Number of protein chains: 2
Amino acid sequence: MAGPHTLGETERQVVDRVGQLPLDYAAMAVVSNLFRASNAVRNHLERTVLSSQNMSWTAFVVLWVTWIWEPIETRNVALESGISKATLTGVLTTLEKRGWVTREKSETDGRLVLVRMTPAGRELMQALFPEFNLEEQRVVESIDAGTLDTFADLLRAVTASVEPAASSPDEPPSSQDR
Amino acid sequence: MAGPHTLGETERQVVDRVGQLPLDYAAMAVVSNLFRASNAVRNHLERTVLSSQNMSWTAFVVLWVTWIWEPIETRNVALESGISKATLTGVLTTLEKRGWVTREKSETDGRLVLVRMTPAGRELMQALFPEFNLEEQRVVESIDAGTLDTFADLLRAVTASVEPAASSPDEPPSSQDR
DNA sequence: CCGAAGTTGTTCGGGTACGAACAATGTATA
DNA sequence: TATACATTGTTCGTACCCGAACAACTTCGG
């Protein structure tokens, strides 16, 4: 959405198409670059780090969430990973098939399913995550270290303005799939 | 990846799992929040604006790129949209099926395919894009107006650090699929 | 207690999403 | 002007990705 063309050039072209409609170009720039950056980073990390394990970005995120919080209920895995519960079902099946996680029905609540790492899954993450973090570092290396926290806060502000409900930590907002 | 848990709480838990390995938590926060924000905004816009046309985010981006730059070669649509050419083939088939764009072989180069809007496609974008931009505005409304440009620049810096090659505008970097 | 209302994970259908392999086409080299 | 080399869009296989509908289960109101 912000490809090889100049900013001004794109804007001029947009004005030509939209006509006199008033547009917020600053907001447009942020949203389009948000996606460009997100896509670029995901694909980069998939190619440099995750491809060695034939793993997708989402699979890695789910594995990471499970690694950090296990045992964890699937609804919370979906919440933490930022994917829908429908998507999670498929991803978990994949991860289970590869022997990295296990599913287990809750004893106290028959509706819930708990996810745990296998030893193989834990070994994998112990080796893979430092490598992943090193590449994360490379992705932001051109940005002044003192600015990184501000950057993260700006991103949190965007997320918050879209997902208003967020009561207290450790107590997810009532019930939404994502 | 940065769900209902506190920042410090997640960090403490990560330390517990990773052990003594040195990690860049600032970089980690930026990358994970980049994806959280990106996902949240995409899903929000799909639900609020795009669902009326039963359109996905990617379909909208492709339609937008075509709208702004038509007639445009498919390789450049993929480049501007930030998706692979393989993905584009499927999306274009969908958009063509719905009567919003057309495919046309280039007369000067038999390998190229040109994409154009149909009148119906143009009408749709003329109505949909202002609505879309209004929602983009809402997504960043909590951010100080003077900071938006800086924000966009930070996002561009991330993209640039991952996709280093970028010669001159109007002249895509030799040949990469995305 | 017992039916209504709510919650949870799965299934289903349609649509992305990628890399690799491919055939068609264009270009460069000798 | 052949013959290698490069480029382009499509196809293929596999893996997401979501909303809607669903069955299993829990909880709440009377």
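Worth saying up front: this structure is predicted, and the values here are computed from it rather than measured.
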Nearest whole angstrom, please: distance from the [atom2] of [N] to the [atom1] of [X].
X     : N      : atom1 : atom2 : result
B:M55 : D:dG19 : CE    : P     : 16 Å
A:Q53 : D:dA15 : CD    : C1'   : 16 Å
A:L92 : C:dT10 : CG    : P     : 7 Å
B:L63 : C:dG15 : CG    : C1'   : 15 Å
B:L45 : D:dG19 : CG    : P     : 13 Å
B:L95 : C:dT16 : CG    : P     : 7 Å
A:N76 : C:dT7  : CG    : P     : 14 Å
A:W57 : C:dG19 : CH2   : P     : 15 Å

What nucleotide among [options] has an atom nearest to a side-chain atom of [X]?
X      : options                : result
A:R111 : D:dC16, D:dC18, D:dT26 : D:dT26
A:K85  : C:dT10, D:dG9, D:dG19  : C:dT10
B:R75  : D:dT8, D:dA15, C:dG15  : D:dT8
A:N43  : C:dG26, C:dC18, D:dC16 : C:dC18
A:T74  : D:dG9, C:dG9, C:dT25   : C:dG9

Nearest 0.5 Å, what's the CD-CZ distance between B:E104 and B:R116?
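It is 4.5 Å, given to the nearest 0.5 Å.
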
Do A:D24 and B:E136 pass the side-chain contact (heavy atoms from CB on, under 4.5 Å) test, and can you show the C-alpha distance, the side-chain angles, and the key distance before you say yes or no?
CA-CA 8 Å; A:D24 188 334; B:E136 285 181 315; over 6 Å; no

Looking at [X], does any N or O in its side chain come under 4.0 Å of the phosphate oxygens OP1/OP2 on [N]?
X      : N      : value
B:R47  : D:dG19 : yes
A:R103 : C:dT10 : yes
A:S56  : D:dA15 : no
B:T87  : C:dT16 : no

Could you tell me how the ring of B:W57 sits relative to the ring of B:F60: parallel (under 30°), tilted (30 to 60°) or perpendicular (over 60°)?
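B:W57 vs B:F60 ring planes: tilted.
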
Minimum heavy-atom distance B:V77-B:V65, with the two atoms named:
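In terms of heavy atoms, the two residues are closest at CA-CG1, 4.2 Å.
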
Select from A:E46 and A:G90 the residue whose nearest nucleotide in DNA chain C is closer to the 5' end of that strand.
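Looking at the nearest nucleotide for each, A:G90 comes out on the 5' side.
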
Which residue lies toward the 5' end of DNA chain C, B:A86 or B:K97, if each is placed at its nearest nucleotide?
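Its nucleotide being nearer the 5' end, the pick is B:K97.
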
Which is true for B:S51 with a 4.0 Å heavy-atom rule: it touches a base, it touches only sugar-phosphate, or it touches nothing?
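Answer is nothing: B:S51 stays at 4.0 Å or more from every strand.
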
Which part of the nucleic acid, if any, lies within reach of B:T89 when heavy atoms closer than 4.0 Å are counted: base, sugar-phosphate only, or nothing?
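The answer is base, as B:T89 lies within the cut-off (heavy atoms under 4.0 Å) of a base atom.
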
Under-4.0 Å salt bridge between A:R122 and A:E70:
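Yes, charged N to carboxylate O under 4.0 Å.
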
Would you check if there is a donor-acceptor pair between the side chains of A:T87 and A:S84 at a distance under 3.5 Å?
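A:T87 and A:S84 do have a side-chain donor-acceptor pair below 3.5 Å.
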
Nearest-nucleotide 5' precedence on DNA chain D, A:R98 against A:E107:
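With A:R98 and A:E107 compared, the 5'-side residue is A:R98.
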
